[in-house]
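Shown next, in structure tokens, is the structure this report addresses.
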Amino acid sequence: MQFFVVRSGQPGCEPTCPEWISAEGTIARESPARFKKLLKSIGNRRLPVVVTSPGGDVGAALALGRLIRARKLEVAVGKTRFVGCQPQQKDCRDNDGKGARYIGTAYSGEAYCNSACPLMLAGGTRRVVGQWAYLGVHQITTVFIQTQTRYREEYRIVNGKKKITSKKVVSRKNLGSRKIYEMSKAQERELVAYLAEMGVSRAVIDLMKITPASDMRKIEPVAMTQMKLITQLGGVELLTSVETCRTVPASANCRVFIMSDLKR
């Protein structure tokens with residue numbers, strides 16, 4: 001999963017424009033560390049998270065959710081359309097003089113949050129899903145990988161006992177893997193405790209358990225609300241529109257871009 005701070009590219013938002021964190025892609029084991037690094041870079045600012053993800057590592061999703069809740073961030077299921085500099089570009093200067101490296105618009109159409117992603121979504125203090133976004137869950141898949149590792153050890157005898165002085169990996173061989181398409185009791189307890197911590201119903205887990213891993217069960221808007229998986233029905237614009245910066249007080253994700261920034 002990639003994370004970027006994005007400034008709204010909606011016409012006429014200057015000098016006060018909303019910003020958000022774009023979070024898109026598969027949730028991997030290293031995703032929480034990347035997210036933590038980005039949060040550190042923005043200090044105490046509270047920017048909403050706009051997420052689209054097919055899911056991924058369950059443990060990482062829980063860690064992301066807890067980071068989001070600790071920072072009291074809002075989350076919406078949505079995508080970001082970048083203007084000018086794209087995330088994959090290096091040394092891009094298209095947005096120079098506009099006060100931000102990444103500029104774009106957030107939208108709900110074709111956005112999705114599947115598999116482990118709803119667990120990340122649960123961390124938001126405010127959780128928003130629009131009618132054009134898709135939220136789905138299924139059974140957890142656990143992958144066990146068997147690896148044969150050979151080591152080279154060096155040792156010496158001290159007082160008649162073997163004392164290892166160094167240990168290095170010589171080779172590793174993958175002996176195959178196996179998958180279990182069913183949630184264990186320990187996993188279920190962990191997920192139920194996590195959702196309770198976030199104020200979300202365990203009905204989410206019950207739906208996961210009855211949906212095969214090869215399938216995806218869409219959670220309809222009424223069910224999302226009943227499960228307390230979302231706090232409000234509505235599109236991503238509820239968190240990213242320029243209108244959020246025209247209220248008194250303005251939303252926490254609004255930033256004033258002074259003229260010196262815009263001309264730079």
Side-chain angles (χ1 to χ4, degrees), residues 1 20-27 31 48-66 68-69 72-81 105-142 181-184 187-241 243-244:
M1 179 170 274
W20 61 89
I21 297 170
S22 167
E24 297 193 16
T26 300
I27 300 171
S31 295
V49 178
V50 176
V51 62
T52 279
S53 173
D57 187 281
V58 171
L62 300 186
L64 287 168
R66 288 192 169 105
I68 288 169
R69 182 59 62 90
K72 299 180 180 178
L73 305 182
E74 301 170 327
V75 183
V77 176
K79 287 186 173 184
T80 298
R81 182 180 294 109
T105 55
Y107 60 100
S108 297
E110 300 181 354
Y112 52 90
C113 182
N114 293 334
S115 190
C117 179
L119 300 173
M120 173 184 172
L121 171 69
T125 53
R126 184 183 179 193
R127 305 178 291 278
V128 175
V129 178
Q131 62 175 327
W132 304 115
Y134 186 99
L135 199 68
V137 295
H138 60 185
Q139 180 63 267
I140 287 176
T141 299
T142 304
Y181 301 97
E182 185 176 353
M183 186 184 305
S184 69
Q187 287 174 323
E188 183 174 352
R189 287 194 297 270
E190 180 183 21
L191 295 182
V192 169
Y194 169 79
L195 291 180
E197 178 187 339
M198 299 303 164
V200 178
S201 169
R202 70 155 289 147
V204 176
I205 306 303
D206 296 334
L207 194 59
M208 292 171 70
K209 289 175 64 179
I210 64 173
T211 306
S214 58
D215 197 3
M216 188 68 68
R217 178 71 63 91
K218 181 181 180 180
I219 305 179
E220 299 293 344
V222 173
M224 294 180 205
T225 305
Q226 291 173 340
M227 294 175 179
K228 298 181 181 179
L229 190 53
I230 63 171
T231 59
Q232 184 177 2
L233 284 171
V236 69
E237 64 274 1
L238 290 174
L239 307 184
T240 62
S241 169
E243 299 302 322
T244 63

**OP:** Kindly compute the distance separating OG1 (Thr211) from CD1 (Ile219), expressed to the nearest 0.5 Å.
**Re:**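 That separation rounds to 8.5 Å.
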
Original post:
Roughly how far, to the nearest 0.5 Å, is CZ of Arg189 from OG of Ser184?
Top reply: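 Taking OG in Ser184 and CZ in Arg189, the distance rounds to 7.5 Å.
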
If I compare all heavy atoms of [X] with all of [Y], which pair ends up nearest, and what's the gap?
X	Y	value
Leu239	Ala76	CD1-CB, 3.7 Å
Leu195	Ala122	CD2-CB, 4.2 Å
Thr244	Ser241	OG1-O, 2.7 Å

Under the side chain to side chain donor-acceptor pair (under 3.5 Å) test, residues paired with [X] that sit two or more places apart:
X	value
Thr52	none
Gln226	none
Glu190	none

Original post:
Taking only residues at least two apart or on different chains, which pairs with a member in residues 213-241 satisfy salt bridge (charged side-chain N to carboxylate O under 4.0 Å, His left out)?
Top reply: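 Every candidate salt bridge (charged side-chain N to carboxylate O under 4.0 Å, His left out) pair involving residues 213-241 fails, so no pair, neighbours aside, qualifies.
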
**OP:** Give every residue pair that meets the salt bridge (charged side-chain N to carboxylate O under 4.0 Å, His left out) criterion with at least one member in residues 56-66, sequence neighbours excluded.
**Re:**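 For residues 56-66: Arg66-Glu197.
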
Qualifying residues under side-chain contact (heavy atoms from CB on, under 4.5 Å), relative to [X], sequence neighbours excluded:
X	answer
Lys209	Gln139, Met183, Glu188, Ile205
Thr231	Arg126, Arg127
Ala193	none
Ala63	Pro32

**OP:** Begin with the C-alpha distance, continue with both residues' side-chain angles, and end with the deciding distance and a verdict on side-chain contact (heavy atoms from CB on, under 4.5 Å) for Leu191 and Ile140.
**Re:** CA-CA 11 Å; Leu191 295 182; Ile140 287 176; 3.5 Å; yes

Donor-acceptor pairs under 3.5 Å, side chain of residues 105-120 to any protein atom, not counting sequence neighbours: which ones?
from   : atom 1 : to     : atom 2 : distance (Å)
Ser108 : OG     : Val236 : N      : 3.1
Asn114 : OD1    : Gly136 : N      : 3.1
Ser115 : OG     : His138 : NE2    : 2.9

Subject >> Residues that Arg69 engages under salt bridge (charged side-chain N to carboxylate O under 4.0 Å, His left out), provided they are two or more places apart >> reply: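 If we apply the salt bridge (charged side-chain N to carboxylate O under 4.0 Å, His left out) test to Arg69, skipping adjacent residues, there are no hits.
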
Tell me, do [X] and [Y] make a side-chain contact under 4.5 Å, heavy atoms counted?
X	Y	result
Leu121	Val129	yes
Thr225	Ile230	yes
Gln131	Leu233	no

